[in-house]
Undergrad: 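To start, I am sharing the structure in question, which I have written as structure tokens.
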Amino acid sequence: MTELLITGALAMAYFVAAMFFMRFWSATHDRLFGFFAAAFALLAVQRLLLPYAPEPWISPLYVVRLLAFVLIILAIIDKNRG
């Protein structure tokens, strides 16, 4: 029960962060904010699906998490390239 509560709280926090970055992306159209919004949306989806996933789906869900972190790294590299 406590695990589901923590999972829900983390998913909500990721979703709020995604909406925060989406708001800034819509105002500035800066790709950094778009990449961050997509990454945090992926993290929210991964966190929501993880407790309910059957055993064979656990590893692919962690690949989704890896993809989110790769998006964040790509966003930072893209922003610093000038």
Undergrad: Would you name the heavy atoms of L4 and P51 that are closest together and state the gap between them?
TA: CD2-CB, 3.7 Å

Undergrad: In terms of the angle between their ring planes, are F40 and Y14 parallel, tilted or perpendicular, with boundaries placed at 30° and 60°?
TA: tilted

Undergrad: Run the side chain to side chain contact (heavy atoms under 4.5 Å, CB included) test against A41 and tell me which residues pass, sequence neighbours left out.
TA: A18

Undergrad: Which pair of heavy atoms, one from A39 and one from I72, lies closest together, and at what distance?
TA: CB-CG1, 3.6 Å

Undergrad: Do D30 and F24 have side-chain heavy atoms sitting under 4.5 Å apart?
TA: no

Undergrad: Group every Ile, Leu, Val, Met, Phe, Trp and Tyr by side-chain heavy-atom contacts under 4.5 Å, then state whether I58 and V45 land in the same group.
TA: yes

Undergrad: Is there a path of hydrophobic side-chain contacts, each under 4.5 Å between heavy atoms, that joins F33 and F20?
TA: yes

Undergrad: When rounded to the nearest 0.5 angstrom, what is the spacing between CG in L42 and CZ in R65?
TA: 12.0 Å

Undergrad: Quick check: is F15 connected to L48 through a chain of hydrophobic side chains (ILVMFWY, heavy atoms under 4.5 Å apart)?
TA: no

Undergrad: Side chains of L50 and W57: does their closest heavy-atom pair fall under 4.5 Å?
TA: no

Undergrad: So, applying side-chain contact (heavy atoms from CB on, under 4.5 Å) with I73, which one of I76, L71, I77 is it?
TA: I77

Undergrad: For the CG atom of L43 and the CZ atom of F69, what is their distance to the nearest 0.5 Å?
TA: 5.0 Å

Undergrad: From L10 CG over to Q46 CD, what is the distance, rounded to the nearest 0.5 angstrom?
TA: 10.0 Å

Undergrad: How long is the span from the CZ atom in R47 to the CG atom in L61, to the nearest 0.5 Å?
TA: 10.5 Å

Undergrad: Find the distance between CZ (F36) and NZ (K79) and round it off to the nearest 0.5 Å.
TA: 10.5 Å

Undergrad: So, for F35 and A75, which heavy atoms are closest and what is the spacing to 0.1 Å?
TA: CB-CB, 3.3 Å

Undergrad: Quick one: pull up OH in Y52 and OG1 in T7 and give me the separation to the nearest 0.5 Å.
TA: 8.0 Å

